[in-house]
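All remarks here apply to the structure that follows.
Chain identifiers are assigned alphabetically (A, B, ...) following the order of the sequence lines, protein sequences preceding nucleic acid strands; residue numbering begins at 1 within each chain.
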Protein chains: 2
Amino acid sequence: MTPGESRFVEEMGRYLGSMGMTPMAGRMWGWLLICNEPEQTAADMAEALQASRGAISGTARILASAGMIRRATRRGDRREYFSAPPEALESLMRNGSRIYTDLRLITERGLAAISDRPPEARERLEEMRDLLAFVAGEMPALIERFLRERAAHHRGTAEMSSPMAAADDQPFTIPV
Amino acid sequence: MTPGESRFVEEMGRYLGSMGMTPMAGRMWGWLLICNEPEQTAADMAEALQASRGAISGTARILASAGMIRRATRRGDRREYFSAPPEALESLMRNGSRIYTDLRLITERGLAAISDRPPEARERLEEMRDLLAFVAGEMPALIERFLRERAAHHRGTAEMSSPMAAADDQPFTIPV
DNA sequence: AACGAAGTTCAGCATTGACTGAACGTTCCG
DNA sequence: CGGAACGTTCAGTCAATGCTGAACTTCGTT
């Protein structure tokens, strides 16, 4: 790993670490985004990230359940191959808008707790709830718009990765 | 503070605490969103939140610099009055889109670190950067659209709080 | 002027939680 | 059938950090 790569991995670790995930999750994801060999075994990552196998195992669980990495197995091979799939981005964004959803739920419970107050006392929270719901609701459309615009721009030069088709081409075993 | 209110305050504390701010920042903000008297002194909050004066002081700094609370002073009154201003929401949202901006910067540096790789090896990061830039760029327009739609819906019933006028009506002292 | 109240700062404490490393279970190969 | 390689789990350690409380500064009052 070059110094520049290491810096990127470490920054991603600090960032995701400060956002509710663990630093190791950020490092692992960052590494999978820039490593030369797109598919990495647990041993590969343990060496690259200088981490224990226990940390790799636990972190892989988190990232996989968040949809940010893909775990693949090959027949007759005990090892697992990790990679950052193209859909990872959308997962990240979906996770991002979870911020708004979660906050809205908290706000909703807060409103329930002050339901006996006069309307003007509840305005602050009500507007907050409405804005959060609005943003969370608009997020998917925003992302889809990006994908469409990008597809239009890259027409012919790259494969057309439609967001709708994404569900289909997710093999659970890597073709040898 | 009723149990329901306390729960809201505590949940907001845990949430903002997990998002890079401190739990106390979340509690303070939550309390300012639901408290009966919109303007609270440090002593008020220290009692409501059962926190030390040191914690109140430090936390108020953070929240004020993030634009999430307003500190006001009255002539001839040593105390400061804290409140969650209407613009707090927009500040929160602006803070929210900082997530995308920050991540994009990290991604940008990552791309610089692997600039010598073949194009197909950089695709993962490049698409990520583009999406992040797109979302960050669209966020302000999204929020403005919400404010417009809300203003249209509430026409006449509430004061028209235009986002453009927000910069003007921010008095640094509360009129007695 | 002096006392009291408000705000700030900072060293110290306590808690949290991320990571390690060993023990265990499981699968593949000789 | 051993033995090796791989993944998982969990108790223990250690660093990070949020909060407290006391000391200090500043401002208003009598």
Run the side-chain contact (heavy atoms from CB on, under 4.5 Å) check on A/L103 and A/M128 step by step: do they pass?
-> CA-CA 9 Å; A/L103 250 184; A/M128 180 167 157; 4.1 Å; yes
Do B/E11 and B/R7 pass the salt bridge (Lys or Arg N to Asp or Glu O under 4.0 Å) test, and can you show the C-alpha distance, the side-chain angles, and the key distance before you say yes or no?
-> CA-CA 6 Å; B/E11 279 188 344; B/R7 181 183 168 185; 3.5 Å; yes
With salt bridge (Lys or Arg N to Asp or Glu O under 4.0 Å) as the test, would you mind laying out the steps for B/E108 and B/R104 before giving the verdict?
-> CA-CA 6 Å; B/E108 211 88 67; B/R104 190 181 65 90; 2.9 Å; yes
When you look at B/T41 and B/F82, which way does the side-chain contact (heavy atoms from CB on, under 4.5 Å) test go after all the steps?
-> CA-CA 6 Å; B/T41 66; B/F82 299 92; 5.9 Å; no
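Without hydrogens or angle criteria, B/D130 side chain to B/E127 main chain gives no donor-acceptor distance under 3.5 Å. Between the A/Y15 side chain and the B/I99 main chain, a donor and an acceptor come within less than 3.5 Å of each other.
Between B/R109 and B/I106 there is a side-chain heavy-atom pair separated by less than 4.5 Å. Contact annotation: the side chain of B/D102 never approaches that of A/M19 to less than 4.5 Å [non-hydrogen atoms, C-beta and beyond]. Side-chain contact check for B/L32 versus B/M68: every heavy-atom pair is 4.5 Å or farther apart.
For DNA chain C, the residues of residues 53-65 of chain A within the heavy-atom distance limit of 4.0 Å (strictly under) are A/G54, A/A55, sorted by number. Residues from residues 43-51 of chain B that place a heavy atom under 4.0 Å from any atom of DNA chain D, listed by number: B/Q50, B/A51. Interface residues of residues 17-34 of chain A facing DNA chain D, ordered by number: none; criterion, heavy-atom separation under 4.0 Å.
Once you apply a 4.0 Å limit to the heavy atoms of chain A, the touched nucleotides of DNA chain D run 5' to 3' over D/dC6 to D/dT9.
Residue B/E126 qualifies as enclosed at atom CD: its count of foreign heavy atoms under 6.0 Å is above 12. Within 6.0 Å of atom CZ in A/R117, more than 12 heavy atoms from other residues, nucleotides or ligands are found, so the atom counts as buried in its surroundings.
Counting non-hydrogen atoms under 4.0 angstrom, A/R79 reaches the backbone sugars and phosphates but no base.
With rounding to the nearest 0.5 Å, the separation of CD in B/E123 from CG in B/L125 is 11.0 Å. Between the CE atom of A/M1 and the CD atom of A/E47 there is a distance of 9.5 Å, given to the nearest 0.5 Å. Atoms CG and CH2, from B/D44 and B/W31 in turn, are 9.0 Å apart once rounded to the nearest 0.5 Å.
Among residues at least two apart or in separate chains, there is no side-chain hydrogen bond (donor to acceptor under 3.5 Å, both in side chains) pair with a member in residues 52-63 of chain A.
A sub-4.0 Å separation between OP1 or OP2 of C/dT27 and a side-chain N or O of A/R75 is absent.
Atom CZ in A/R14 sits roughly 16 Å away from atom C1' in C/dA18 (whole-Å rounding). Rounded to whole Å, the distance from CD on B/Q40 to P on C/dG7 is 13 Å.
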What nitrogen or oxygen pairs link the protein and nucleotides 14-16 of chain C at under 3.5 Å?
none

